[in-house]
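All values reported here derive from a predicted model rather than from experimental measurement.
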Amino acid sequence: MVVIAIVVVIGYIQSRQPAHLNPSQAPDVVSPPITTAPAVSSPSTTGGPHFSGAAAAVDRTAVLAQKAKEYSKAKELVDPSAFINTDPFTLSQYVGKKVILVDFWTYSCINCERTIPYLNAWYQKYKDDGLLIVGVHTPEFDFEKNLDNVTAGVRRLGIKYPVVLDNDHGTWDAYQNQYWPHEYLIDIDGYVVHDHIGEGDYAATEHAIQQALQERSTVLGLNEAIATTIVTPSDAIAMDPSQVQSPETYVGYARDQLLANGTPAAGVQTFTLPSTYTLNNLYLGGTWSFAAEY
């Protein structure tokens, strides 16, 4: 009888534990209730559909039906490891209320760092118009899983919008993402109406944000005019991808494929610089202490 009682108690406790989602089965964000909205015309090439004005209000069912043909539903956050700058939340809490920009990034990625000034500027400019930016921090390296390291990176970069730690790549996998940075713009109906990989094309992304916010204003009956100007952050670093000719270089021995005057391995090594060099290789001089990722 004692054994049976223990089994029953264990079964009850396990039934009360939260289920962990398989990323491939991550739910779509919840759709808001159907309301009325302006008539929809042809889809935009840079973000949500174009709307023809308040005078042509129609049942939202038709609008949602068209969106279902054109776009995919956004996925929910999957088993976040921690939340920074915010209390825990879900994306579904804000669908139907806000426009959401999900940014996959990691703090040691230089391409992500150069994108952050634009994200900061958009959040400052449009947060009162209904824009929520969510930074999904998915690590490339083990040291990027450390909460203190990520928190310090968020502080250094001046990020005020919420950042979610995705240490197990659950949300990354749910979106089938492959890149840092990668932005996904989710409209008021929970559809991904625009996405962008990497740096650049900031004006196109901001234009898509403006369209989505204008649609939100109309759907919610706010009748607010969204600014159509484009920001240029004062702290943004301009770069021309066509001028980048050197490959990405890692010094940690796990990925050091460009070291031309030695063999990367764990521990301390001493290197001598050669008298001649081949372009786009890595040469080290002096004594170096190697680790896999440092």
Side-chain angles (χ1 to χ4, degrees), residues 21-51 57-80 83 86-104 119 122-123 126-136 138 161-164 166 170-177 182-197 204-222 224 226:
L21 294 169
N22 182 331
S24 65
Q25 300 173 331
D28 295 338
V29 296
V30 177
S31 297
I34 294 175
T35 57
T36 58
V40 63
S41 60
S42 59
S44 164
T45 58
T46 58
H50 292 297
F51 291 85
V58 297
D59 193 313
R60 289 282 291 163
T61 302
V63 177
L64 296 175
Q66 179 176 343
K67 287 187 178 184
K69 295 177 183 179
E70 297 289 338
Y71 307 113
S72 299
K73 275 283 191 177
K75 294 295 185 179
E76 188 54 87
L77 302 174
V78 179
D79 293 334
F83 292 82
T86 182
D87 294 328
F89 66 93
T90 63
L91 297 184
S92 296
Q93 290 176 235
Y94 295 101
V95 172
K97 301 174 184 177
K98 292 182 179 291
V99 170
I100 307 168
L101 184 67
V102 173
D103 173 55
F104 285 94
L119 292 165
W122 294 336
Y123 186 62
Y126 298 111
K127 63 181 179 180
D128 292 337
D129 293 323
L131 177 66
L132 172 66
I133 297 180
V134 179
V136 178
T138 309
Y161 52 82
V163 174
V164 178
D166 185 36
T171 305
W172 173 282
D173 291 340
Y175 278 78
Q176 299 182 326
N177 190 48
H182 193 162
E183 287 90 34
Y184 296 83
L185 183 65
I186 304 169
D187 73 359
I188 193 171
D189 296 311
Y191 287 95
V192 177
V193 294
H194 177 85
D195 74 274
H196 183 265
I197 296 169
T205 299
E206 186 172 1
H207 181 59
I209 291 171
Q210 292 168 349
Q211 284 189 311
L213 289 174
Q214 192 63 64
E215 178 191 9
R216 170 189 177 271
S217 175
T218 303
V219 169
L220 298 182
L222 303 177
E224 297 174 345
I226 305 301

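- Using a 4.5 Å cut-off on side-chain heavy atoms (C-beta onward), Val95 and Ser92 make no contact.
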- request: Could you walk me through whether Leu220 and Ile188 pass side chain to side chain contact (heavy atoms under 4.5 Å, CB included), step by step?
  value: CA-CA 10 Å; Leu220 298 182; Ile188 193 171; 3.8 Å; yes

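- Separating the CG atom in Asp129 from the CH2 atom in Trp122 is a distance of 15.0 Å, to the nearest 0.5 Å.
- Within the 4.5 Å cutoff, the side chain of Val99 has heavy atoms near those of the Leu185 side chain.
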- prompt: Passes side chain to side chain contact (heavy atoms under 4.5 Å, CB included), Asp28 versus Glu76? Steps please.
  reply: CA-CA 6 Å; Asp28 295 338; Glu76 188 54 87; over 6 Å; no

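- Interatomic distance, Asp187 CG to Lys67 NZ, rounded to the nearest 0.5 Å: 3.5 Å.
- His182 is listed as a side-chain neighbour of Asp195, based on a closest heavy-atom distance under 4.5 Å.
- Considering all non-hydrogen atoms of both residues, Pro88 and Gln93 come closest at O-OE1, 4.5 Å.
- Residues Ile186 and Ala74 approach most closely at CD1-CB, 3.4 Å, considering heavy atoms.
- Considering only heavy atoms from C-beta on, Ile100 comes within 4.5 Å of Leu91 through its side chain.
- In this structure, Thr171 and Val164 have side chains that are not in contact, with every pair of non-hydrogen atoms separated by 4.5 Å or more.
- A donor-acceptor contact closer than 3.5 angstrom links the side chains of Tyr126 and Glu206.
- Nearest heavy atom pair, residue Leu213 against residue Leu131, reads CD2-N, 3.8 Å.
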query: Passes side chain to side chain contact (heavy atoms under 4.5 Å, CB included), Phe89 versus Leu77? Steps please.
result: CA-CA 9 Å; Phe89 66 93; Leu77 302 174; 4.1 Å; yes

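- Contact check for Asp173 versus Val78: no side-chain heavy atoms found under the 4.5 Å cut-off.
- Summarising the geometry of Ser217 relative to Glu224, their closest heavy-atom pair is OG-N, 2.7 Å, with the distance given to 0.1 Å.
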message: Could you walk me through whether Tyr161 and Leu132 satisfy the side chain to side chain contact (heavy atoms under 4.5 Å, CB included) test, starting with their C-alpha distance in whole Å, then the side-chain angles of each, then the deciding distance to 0.1 Å, before giving a yes or no?
response: CA-CA 8 Å; Tyr161 52 82; Leu132 172 66; 6.0 Å; no

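- Here the closest non-hydrogen pair linking Lys75 and Tyr175 is O-OH, 2.6 Å.
- Using modelled atom types and a 3.5 Å distance limit, the side chains of Glu183 and Thr205 yield no donor-acceptor pair.
- No side-chain donor from either of Asp103 and Tyr184 sits under 3.5 Å from a side-chain acceptor of the other.
- Remark: side-chain polar atoms of Trp172 are not paired, donor with acceptor, to backbone N or O of Thr138 under 3.5 angstrom.
- Under the 6.0 Å distance and 45° angle rule, Lys73 counts as a cation-pi partner of Tyr191.
- When all heavy atoms of Glu215 and Arg60 are compared, the closest pair comes out as OE2-NH1, 3.8 Å.
- Side-chain contact check for Ile133 versus Pro162: every heavy-atom pair is 4.5 Å or farther apart.
- Looking at heavy atoms from C-beta onward, Val63 lies out of side-chain contact with Thr61 at the 4.5 angstrom threshold.
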